[in-house]
Amino acid sequence: MTSVAIEQASVSVPRSRLRLTSRWVPFLFLLPVAAELIIFRYIPTFSAFYHSLTNWDGRKKDAFIGFKNFTDLFNDNVFRDAFVNMAKYTSLRTIAVLLFAFIAAELIFSIRNERVRMFWKIAFVIPLVVPRSVIYLMWAFIYDPQVGLINEALNLIGLGAWQQPWLGQSSTALGALAFIGFPFVSSLAFLIFVASLEGLPRDIIETAQLEGCSIWKRIWNVDLPMLRGGIVFVAVLLILEGLQTTEPQLILTRGGPGTSTELPAYYLYRTAFDYGKFGQACAVGVVMLGVGLIFTAISMWLRYRSAYDVD
């Protein structure tokens with residue numbers, strides 16, 4: 001009996017230790033994620049807040065100057081132009097991407113053959129793997145004033161008088177950047193809309209069809225209300241993308257002609273790496289963060305307000 005008791009005691013101790021250890025295992029797996037967030041997200045964010053109040057140039061010891069960087073920003077005409085350009089650019093892109101991605105999703109959703117539907121899903125998703133730099137270089141050729149596809153097409157159909165240096169003049173440069181990606185079927189927005197449509201309860205759609213509801217009425221009264229969360233989510237992503245966009249300026253326009261294609265993110269880049277004003281660049285980043293948080297808060301309110309509506 002004594003040997004059996006000793007054996008049971010020797011077994012029970014490792015089991016209790018194993019039970020205690022198993023409770024901490026999930027937290028151990030979260031440690032790399034937490035470390036990544038702290039090192040690459042939170043520390044840079046707090047550093048930007050601190051350095052936005054200094055005259056830091058990236059090398060010398062920074063001196064505290066209060067809100068001077070922010071007052072200089074809002075007194076800078078180029079910075080104000082950058083925000084106006086961002087509002088125009090983001091509005092055009094957001095409306096176009098939402099509209100065309102929704103149309104594409106509805107067309108794919110209406111296909112009854114599962115194989116054909118899957119083929120078109122894959123076809124619309126493939127552009128996700130194409131680097132953006134390649135897309136911008138391709139559009140640089142399309143907009144070329146001498147041999148560009150647009151000017152050549154206008155010349156072929158007898159509209160040579162409409163030929164323009166699309167990226168070379170202030171009146172068309174920003175619109176040309178916003179037009180990049182036509183017909184604007186964003187792969188991510190398309191996937192979100194298709195997944196949302198396929199998640200709609202079939203009984204609702206079948207009931208609408210039995211009641212004689214036309215496809216337009218079904219889209220307006222069933223699909224759009226059910227997709228509101230996805231539409232708001234995509235719109236916020238597009239607005240945040242507009243705040244962070246630098247690739248088209250770096251590759252195509254360098255913010256010109258003049259300041260016609262200057263956007264806040266490119267302004268931040270030039271302030272830091274062209275002029276060495278890292279403190280002021282941090283102030284730009286803080287302003288952009290504030291704008292992004294405002295839009296995110298508005299989107300969350302729009303997305304979830306129906307859950308708190310009281311009749």
Side-chain angles (χ1 to χ4, degrees), residues 24 26-87 89-90 93-94 131-133 136 177 188 232-256 259 261-301:
W24 292 97
F27 297 98
L28 294 177
F29 283 105
L30 289 175
L31 282 178
V33 179
E36 189 271 338
L37 287 174
I38 293 172
I39 296 172
F40 297 105
R41 303 286 180 169
Y42 293 114
I43 291 178
T45 300
F46 287 111
S47 175
F49 274 105
Y50 168 76
H51 286 104
S52 68
L53 304 175
T54 68
N55 62 349
W56 183 43
D57 64 358
R59 295 169 297 175
K60 299 178 183 177
K61 187 177 180 180
D62 44 350
F64 184 81
I65 59 173
F67 293 96
K68 185 177 184 302
N69 285 327
F70 294 93
T71 57
D72 290 344
L73 279 181
F74 292 110
N75 290 325
D76 187 356
N77 292 330
V78 177
F79 182 70
R80 292 201 294 267
D81 289 343
F83 260 88
V84 172
N85 291 337
M86 185 205 71
Y89 174 86
T90 305
R93 296 283 303 175
T94 301
R132 287 196 175 187
S133 57
Y136 289 127
L177 290 187
L188 179 59
V232 172
F233 176 69
V234 173
V236 171
L237 290 181
L238 292 169
I239 292 171
L240 296 180
E241 180 183 348
L243 276 172
Q244 303 172 31
T245 296
T246 57
E247 297 97 327
Q249 287 79 21
L250 286 170
I251 297 174
L252 299 175
T253 65
R254 304 300 264 178
T259 60
T261 61
E262 188 88 26
L263 295 182
Y266 186 68
Y267 180 92
L268 184 155
Y269 172 85
R270 289 197 307 109
T271 301
F273 297 105
D274 289 351
Y275 305 121
K277 299 179 180 179
F278 285 85
Q280 191 171 12
C282 289
V284 178
V286 171
V287 172
M288 292 167 59
L289 175 62
V291 174
L293 289 175
I294 290 171
F295 277 109
T296 303
I298 293 173
S299 72
M300 296 293 288
W301 177 75

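Distance CG/D72 to CZ/F67: 13.5 Å, rounded to 0.5 Å. The structure places CG of D76 at 11.0 Å from OG1 of T71, a figure rounded to the nearest 0.5 Å. Taking CZ from F64 and CG from N55, the interatomic distance works out to 11.0 Å, rounded to the nearest 0.5 Å. Annotation: the span from F83 atom CZ to Y267 atom OH amounts to 10.5 Å, rounded to 0.5 Å. Annotation: the span from Y266 atom OH to T253 atom OG1 amounts to 7.0 Å, rounded to 0.5 Å.
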Exercise for the section: Tell me, with the steps shown, if E262 and F79 meet side chain to side chain contact (heavy atoms under 4.5 Å, CB included). Expected result: CA-CA 8 Å; E262 188 88 26; F79 182 70; over 6 Å; no
Practice task
Evaluate side chain to side chain contact (heavy atoms under 4.5 Å, CB included) for R270 paired with V78, printing each intermediate quantity in order.
Solution key: CA-CA 12 Å; R270 289 197 307 109; V78 177; 3.9 Å; yes
Exercise for the section: Show the numbers, then the answer: is there a side chain to side chain contact (heavy atoms under 4.5 Å, CB included) between L243 and L240? Expected result: CA-CA 5 Å; L243 276 172; L240 296 180; 4.2 Å; yes
Practice task
Starting from the C-alpha separation in whole Å, work towards a yes-or-no answer on side chain to side chain contact (heavy atoms under 4.5 Å, CB included) for K68 and Q280.
Solution key: CA-CA 9 Å; K68 185 177 184 302; Q280 191 171 12; over 6 Å; no
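T90 and L238 make their closest contact through CG2-O, 4.0 Å (heavy atoms, listed as atom of the first residue, atom of the second, distance). Closest heavy-atom contact between A82 and P264: O-CD, 3.4 Å. Pairing each heavy atom of L177 with each of P248, the nearest pair is CD2-CB, 3.9 Å. Residues G255 and T261 share a closest heavy-atom pair of C-OG1, 2.9 Å. Taking each heavy atom of N69 and T54 in turn, the nearest pair found is ND2-O, 2.7 Å. When all heavy atoms of L252 and Y136 are compared, the closest pair comes out as CD2-O, 3.5 Å.
The neighbour count for F233 CZ, taken as heavy atoms of other residues, nucleotides or ligands under 6.0 Å away, does not exceed 12. More than 12 heavy atoms of other residues, nucleotides or ligands sit less than 6.0 Å from atom CZ of F70. More than 12 heavy-atom neighbours from other residues, nucleotides or ligands sit within 6.0 angstrom of CZ on R80.
Between Y50 and F46, the distance from one ring center to the other does not fall under 6.0 angstrom.
When atom types are taken as modelled, the side chain of D57 and the backbone of G276 share no donor-acceptor pair closer than 3.5 angstrom. Looking at T296, its side chain does come within 3.5 Å of a backbone N or O of G292 through a donor-acceptor pair.
For the pair T246 and L263, the minimum side-chain heavy-atom distance is 4.5 Å or more.
Comment: E241 does not engage R93 in a salt bridge, judged by the lack of any side-chain N to carboxylate O separation of less than 4.0 angstrom.
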